[in-house]
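Just so you know, these numbers come straight off a predicted model, no measurement behind them.
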Amino acid sequence: MSVYRRTNASAAAALVAALLLSSCGSADNAAADLGAKKEGTAPNGVKINLTPDQNRISTPKVDAIAALLPDEVRRRGTLRVAASVGTVPPLGFYATDDKTVIGTEADLAYLIGNVLGLKVEIDPASWENVFVGLDSGKYDAAFTNVTVTEARKEKYDFATYRLDILGFEAKKGGSWKVTGPADVAGHTIGVSSGTNQEKLLLAWSEQDVKNGLKPVDVKYYQNSSDYYLALGSGRIEAWLGPNPGTAFHAAQTGETEVIGTYSGAGDSVLGKIAATTKKDNGLVKALNAAINEAIKNGTYAQVLKRWGLDNEAVPTSEINPPGLPKSNS
């Protein structure tokens with residue numbers, strides 16, 4: 001799961017940090033040129049709307065599925081959703097007004113709210129506060145690129161909605177490809193702390209050392225403006241993050257490329273992203289049924305295509321499937 005942070009820069013600067021990578025000059029200089037940018041292009045060629053006027057895909061309420069909701073949520077009429085929002089499209093980020101939350105995760109949350117007949121209230125939160133809020137009951141659910149893990153399943157229930165694929169992003173034109181641990185030995189790679197990609201990278205580094213290879217030189221960054229400047233200046237050789245963000249960035253700049261992808265749950269299980277809710281609060285069955293309704297009626301596929309994530313679709317939503325093993329989580 002990637003950790004997102006909102007920067008204090010303007011919307012233009014934030015978008016530039018995500019959409020541009022330049023080995024010379026600064027993001028602030030580029031901001032002057034792209035401040036009015038209102039759309040990007042996904043890796044599949046689809047144009048992505050970056051403005052507050054989203055015209056989100058919607059679907060009708062299904063009474064039989066809404067009946068699965070816990071009484072408290074049904075009476076309240078709202079679905080309180082936590083979203084860890086940062087500057088990297090297409091998952092969760094701010095529109096050009098620097099306040100409207102947009103992206104794949106928001107669209108899916110609103111779509112599920114449609115099926116359940118609930119008004120969706122999205123509350124941006126830091127990564128750690130997403131789980132604090134779930135624990136306290138402040139949030140009903142999180143739609144924020146959370147990977148299913150065996151450790152998390154002890155505290156939370158999951159209804160899957162997307163595959164978890166990680167991507168290694170490097171400067172374009174090199175011969176380096178990443179398919180496994182040996183390929184990262186001795187390289188300097190950036191990652192966000194407290195994420196599954198960090199755990200994967202550290203596990204690979206440990207495996208390299210045991211096999212007589214050099215460890216990975218791991219560098220930590222939380223903001224896209226920081227890690228992309230580090231990549232552009234050569235302070236890191238690659239960035240490891242959720243593949244939707246790395247692939248989107250590479251498509252915008254033309255200066256980087258994804259040199260390898262890997263399951264977010266490692267080689268033992270297929271990684272899956274899921275709607276997350278406090279364990280045994282009675283909400284997961286309704287979320288699961290709502291996601292499956294959206295899959296069945298085609299609106300789920302429309303949302304993923306809108307953001308260029310067709311290749312991460314799941315055929316059906318599962319409740320609490322096998323996740324990242326405890327030994328690696």
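- Counting all heavy atoms, side chain and backbone alike, L111 lies closest to A294 at CD2-CB, 3.7 Å.
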Which pairs would a plain distance check flag for residues 61-71, meaning a side-chain donor or acceptor within less than 3.5 Å of a matching protein atom at least two apart in sequence or in another chain?
residue	atom	partner	partner atom	Å
D71	OD1	R74	NH1	2.8

Stepwise salt bridge (Lys or Arg N to Asp or Glu O under 4.0 Å) check, D135 with K155: CA-CA 8 Å; D135 293 343; K155 293 185 64 177; 3.2 Å; yes
D53 vs T51, side-chain hydrogen bond (donor to acceptor under 3.5 Å, both in side chains): CA-CA, chis, key distance, verdict: CA-CA 5 Å; D53 301 319; T51 74; 4.6 Å; no
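- A 6.0 Å sphere centred on NZ of K210 holds no more than 12 heavy atoms belonging to other residues, nucleotides or ligands.
- Pairing each heavy atom of F143 with each of E105, the nearest pair is O-CB, 3.2 Å.
- In terms of hydrophobic clustering, with Ile, Leu, Val, Met, Phe, Trp and Tyr side chains grouped at heavy-atom distances under 4.5 Å, V284 and V81 are assigned to different clusters.
- Distance check: L108 CG to L287 CG gives 12.0 Å after rounding to the nearest 0.5 Å.
- Closest non-hydrogen pair, N311 versus I165, comes out as O-CD1, 4.4 Å.
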Audit row: T261, N243, side-chain hydrogen bond (donor to acceptor under 3.5 Å, both in side chains) steps and yes/no: CA-CA 7 Å; T261 58; N243 188 61; 5.8 Å; no
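- Criterion: ILVMFWY side-chain heavy atoms under 4.5 Å apart, direct or through other members. Under it, V46 and I102 are not part of a common hydrophobic cluster.
- Linking ILVMFWY side-chain heavy atoms closer than 4.5 Å, directly or via other members, places I112 and I57 in a single hydrophobic cluster.
- The side-chain heavy atoms of V178 and Y262, taken from C-beta on, include no pair separated by under 4.5 Å.
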Stepwise side-chain contact (heavy atoms from CB on, under 4.5 Å) check, Q207 with L213: CA-CA 9 Å; Q207 185 175 333; L213 301 174; over 6 Å; no
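- Considering all non-hydrogen atoms of both residues, L116 and A286 come closest at CD2-O, 3.9 Å.
- With ring centers used as reference points, Y300 lies 6.0 Å or more from Y161.
- Following chains of ILVMFWY side-chain contacts shorter than 4.5 Å, one can reach L91 starting from V120, so the two form part of one hydrophobic cluster.
- When side chains are defined from C-beta on, P181 does not count as touching E206, because their heavy atoms never get closer than 4.5 Å.
- Panel note: side chain W307, backbone P89; no donor-acceptor pair is recorded below 3.5 Å.
- Interatomic distance, OG1 of T149 versus CG of L324, reported as 6.0 Å (0.5 Å rounding).
- Judged by distance alone, with hydrogens and angles left aside, the side-chain atoms of K279 form a donor-acceptor pair with the main-chain N or O of K153 at under 3.5 Å.
- Judged by distance alone, the side chain of K171 and the main-chain N or O of E237 form no donor-acceptor pair under 3.5 Å.
- For residues 290-309, the pairs satisfying salt bridge (Lys or Arg N to Asp or Glu O under 4.0 Å) are D107-R306, with sequence neighbours left out.
- For the pair Y110 and Q54, the minimum side-chain heavy-atom distance is 4.5 Å or more.
- Side chain of S84 to main chain of A82: no donor-acceptor pair is present (N/O by atom type, distance under 3.5 Å, no hydrogens or angles).
- Taking each heavy atom of I295 and S317 in turn, the nearest pair found is CD1-N, 3.9 Å.
- A parallel orientation is assigned to the rings of Y227 and W239, their planes being inclined by less than 30° (bins at 30° and 60°).
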Stepwise side-chain hydrogen bond (donor to acceptor under 3.5 Å, both in side chains) check, T59 with N297: CA-CA 8 Å; T59 191; N297 69 26; 2.9 Å; yes
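- A side-chain donor-acceptor contact under 3.5 Å links N281 to the backbone of L283.
- Counting heavy atoms of neighbouring residues, nucleotides and ligands inside a 6.0 Å radius, atom CD of E121 exceeds 12 of them.
- Rounding to the nearest 0.5 Å places CG of D157 at 10.5 Å from CG of N288.
- Residue H249 holds its NE2 atom at 8.0 Å from CD of E255, rounded to the nearest 0.5 Å.
- Looking at K214, its side chain never comes within 3.5 Å of a backbone N or O of D208 through a donor-acceptor pair.
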Worked verdict on I273 versus T147 for side-chain contact (heavy atoms from CB on, under 4.5 Å): CA-CA 5 Å; I273 301 297; T147 303; 3.6 Å; yes
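- Considering CG of L240 and CG of L201, their distance stands at 6.0 Å, rounded to 0.5 Å.
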T104/E312 under side-chain contact (heavy atoms from CB on, under 4.5 Å): CA gap, chis, key distance, verdict: CA-CA 11 Å; T104 315; E312 297 191 3; over 6 Å; no
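- Counting heavy atoms from C-beta on, the side chains of W176 and F168 never come closer than 4.5 Å.
- Between the side chain of Q252 and the backbone N or O of F248, at least one donor-acceptor pair lies under 3.5 Å.
- At least one side-chain heavy atom of V191 sits less than 4.5 Å from a side-chain heavy atom of Y220.
- In this structure, the side chain of S193 does not engage the main chain of E198 through any donor-acceptor pair within 3.5 Å.
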Steps toward side-chain contact (heavy atoms from CB on, under 4.5 Å) verdict (V148, N320): CA-CA 7 Å; V148 179; N320 297 331; 6.0 Å; no
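- With hydrogens and angles ignored, the 3.5 Å screen pairs a side-chain donor or acceptor of E257 with a backbone N or O of G173.
- With a 4.5 Å cut-off on side-chain heavy atoms, L304 and D310 do not count as touching.
- In this structure, T276 OG1 and F158 CZ are separated by 4.5 Å, a value rounded to the nearest 0.5 Å.
- Under a 3.5 Å cut-off, the side chain of T78 and the backbone N or O of R80 do not form any donor-acceptor pair.
- In terms of heavy atoms, K219 sits closest to T188 at CG-CG2, 3.7 Å.
- In this structure the side chain of L163 reaches within 4.5 angstrom of the side chain of V314, judged on heavy atoms.
- A heavy-atom distance below 4.5 Å is not found between the side chains of T253 and Y228.
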